[in-house]
Amino acid sequence: MKAADFDYLRPSSLAEALTCLSQNVGVAQPLAGGQSLMPMMNFRVATPEVLIDLADIPDLRGVTELDGMLRIGAMTTYRDLTRITDRVPLLGLALPHIAHDAIRNRGTIGGSVALADPAAEMPALLLALGGVIELAGPDGQREVAADDFFQGYYATDRAEDELIVAIRLAVAKPGDSFGFYELTQRHGDYALAGVAIAHAPDLRIAFFGISDRPIRLPELEAALTAGTDPGPALDQIEFEGDLKASAATRRHYARVVLDRALAGMTS
Amino acid sequence: MKTKDISVIVNGEEVRASVPVRRNLVDFLRTDAGLTGSHVGCEHGVCGACTVEVNGATVRGCLMLAVQADGATVTTVEGFAASGRSAALAAAFTRRNALQCGFCTPGMLASALGYIDRGGTADRAAIREHISGNYCRCTGYQSIVEAICDVIEERTAP
Ligand SMILES: Cc1cc2nc3c(=O)[nH]c(=O)nc-3n(C[C@H](O)[C@H](O)[C@H](O)COP(=O)(O)OP(=O)(O)OC[C@H]3O[C@@H](n4cnc5c(N)ncnc54)[C@H](O)[C@@H]3O)c2cc1C
Ligand code: FES
Ligand code: FES
């Protein structure tokens with residue numbers, strides 16, 4: 001199918017984009033890489049009356065490094081992220097699993113974080129790395145920790161009149177190690193179950209594809225840090241079932257991805 | 001219906017058109033530029049039949065609006081053929097029987113060129129991974145992988 005008609009706006013500054021957004025709350029959607037929004041529009045699952053293309057906004061672009069943190073503009077594509085995998089090794093482990101080359105050439109980190117698909121890699125990566133999401137709205141800028149940002153199926157702390165401006169991630173230090181593993185039906189599909197792990201130096205473990213959002217379990221991290229059985233902690237997860245895998249299958253997969261990711265930690 | 005005037009360099013030639021803003025790039029190429037080599041399959045990014053190159057990078061023609069390509073340089077399967085860039089690959093596809101109905105072929109060639117021209121190696125697993133976003137309902141992929149391998153091996157032969 002084809003997308004329904006809409007007004008196409010292409011602001012050239014962040015201030016202008018925020019004005020466009022606040023004047024059209026409820027009927028406008030920002031357009032980043034379009035790799036999720038365009039399929040939804042073609043299916044007419046999404047029928048925005050106004051599309052606000054973020055392509056020409058300099059404030060949403062570029063990667064800068066300050067005090068051991070990388071500030072990654074929301075419009076940075078997966079393709080561009082491959083240039084900073086030496087600074088953030090977990091990106092290097094996760095990126096090859098996201099979709100396919102042609103989709104990675106356009107899909108953005110900001111779009112993935114805004115969408116908050118529970119099976120997507122980037123939200124879990126942010127959670128594992130203790131990332132921060134920078135938002136801008138009519139009342140100015142604010143920032144939210146990844147731990148507080150993802151709130152359920154496609155639900156985040158972002159208000160409708162706000163834009164994600166940038167993502168901040170810590171640069172890896174010597175001695176840090178990372179793990180990543182996911183199970184899919186075919187390469188590039190969304191994960192049936194996956195996990196992103198950072199040991200930097202605290203252990204942070206984020207599962208994706210098994211619940212309504214990417215999740216961390218303090219009990220699990222504590223058990224593994226103490227060298228005890230992670231099984232009981234895993235049992236506390238409220239697994240989600242769907243057409244691809246039942247909740248019981250996902251429970252099994254969670255253990256599989258955890259064990260494999262831990263076995264493959266970078267040194 | 002909202003429209004916008006755009007100018008796109010398609011296969012080296014400027015195409016100017018007033019397009020409905022909701023028109024996607026692959027429909028623009030087929031309808032406004034008259035280039036029907038790029039195919040339309042699923043229209044949600046899954047099959048890869050619409051894959052073309054925009055500013056040197058492969059993209060899904062069904063997941064980009066024509067208005068987003070205003071000012072961009074686009075290359076389609078017709079452009080790859082005209083410049084000779086796909087000559088060795090097309091010959092290998094023929095030799096290996098890497099197409100039957102041919103519906104997937106334009107997108108498959110675009111994806112394969114994206115792999116070959118960026119220095120991809122003749123590693124069958126890596127090639128399969130790279131073309132995993134391009135569906136072929138006829139060949140079973142084996143012959144496509146072999147054709148891509150052939151071209152890389154020819155290029156890297158001493
Ligand atoms: C075949 C296929 C396979 C895929 N496989 C995977 C996969 O395995 N894993 C995965 O994670 N993803 C996958 N994707 C989705 C892809 O990663 C998307 O690119 C990504 O989810 C969204 O990024 P985008 O830049 O394309 O955003 P868009 O599609 O442009 O936008 C997505 C949503 O976010 C909003 N938005 C975008 N940017 C901002 C911003 N800066 N501020 C506020 N709101 C914003 C939009 O309004 C929209 O609601 C796949 C897509 C396809 C077509
Ligand atoms: S038509 Fe674009 S990917 Fe199928
Ligand atoms: S040759 Fe028919 S779909 Fe590939």
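Within every chain, numbering begins at 1; the chains are lettered A, B, ... in the order of the sequence lines, protein sequences first and strands thereafter. Nothing here was measured: the structure is a model prediction, and the numbers come from that model.
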Find the one option among A:Met1, A:Arg10, A:Arg79, A:Met40 whose heavy-atom pairs under 4.5 Å with chain B are most numerous.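 Sorted descending by pairs with chain B, the first entry is A:Met1.
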By a 4.5 Å heavy-atom criterion (distance strictly below it), what part of [X] contacts chain B: side chain, backbone, both, or neither?
{"X": "A:Ala99", "result": "neither"}
{"X": "A:Asp5", "result": "both"}
{"X": "A:Arg104", "result": "neither"}
{"X": "A:Phe6", "result": "both"}
{"X": "A:Leu51", "result": "side chain"}

Name the region of [X], side chain, backbone, both or neither, that has any atom closer than 4.5 Å to a heavy atom of chain A.
{"X": "B:Leu65", "result": "both"}
{"X": "B:Gln68", "result": "both"}
{"X": "B:Asn134", "result": "neither"}

Any side-chain donor paired with an acceptor under 3.5 Å for B:Glu14 and B:Ser7?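 B:Ser7 and B:Glu14 do have a side-chain donor-acceptor pair below 3.5 Å.
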Taking the six-membered ring for Trp, are A:Phe208 and A:Phe180 closer than 6.0 Å centroid to centroid? yes
Is the side chain of A:Gln23 donor-acceptor paired with the backbone N or O of A:Cys20 at a distance under 3.5 Å, no angle test?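 Here the side-chain-to-backbone pair does not exist.
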State plainly whether the residues [X] and [Y] are in salt-bridge range, i.e. N to O under 4.0 Å.
{"X": "B:Arg124", "Y": "B:Glu129", "result": "no"}
{"X": "B:Arg30", "Y": "B:Asp27", "result": "no"}
{"X": "A:Glu240", "Y": "A:Arg250", "result": "no"}

May I ask you to name which of [options] has the most heavy-atom pairs under 4.5 Å with chain A?
{"options": "B:Val67, B:Val46, B:Thr51", "answer": "B:Val67"}
{"options": "B:Arg128, B:Arg118, B:Arg23", "answer": "B:Arg118"}
{"options": "B:Cys42, B:Ser132, B:Ala57", "answer": "B:Ser132"}

Testing the basics here: between B:Ala49 and B:Phe103, what is the closest heavy-atom pair and its distance to 0.1 Å? CB-CE2, 3.7 Å
Any A:Leu135 side-chain heavy atom under 4.5 Å of A:Leu163 side chain: no
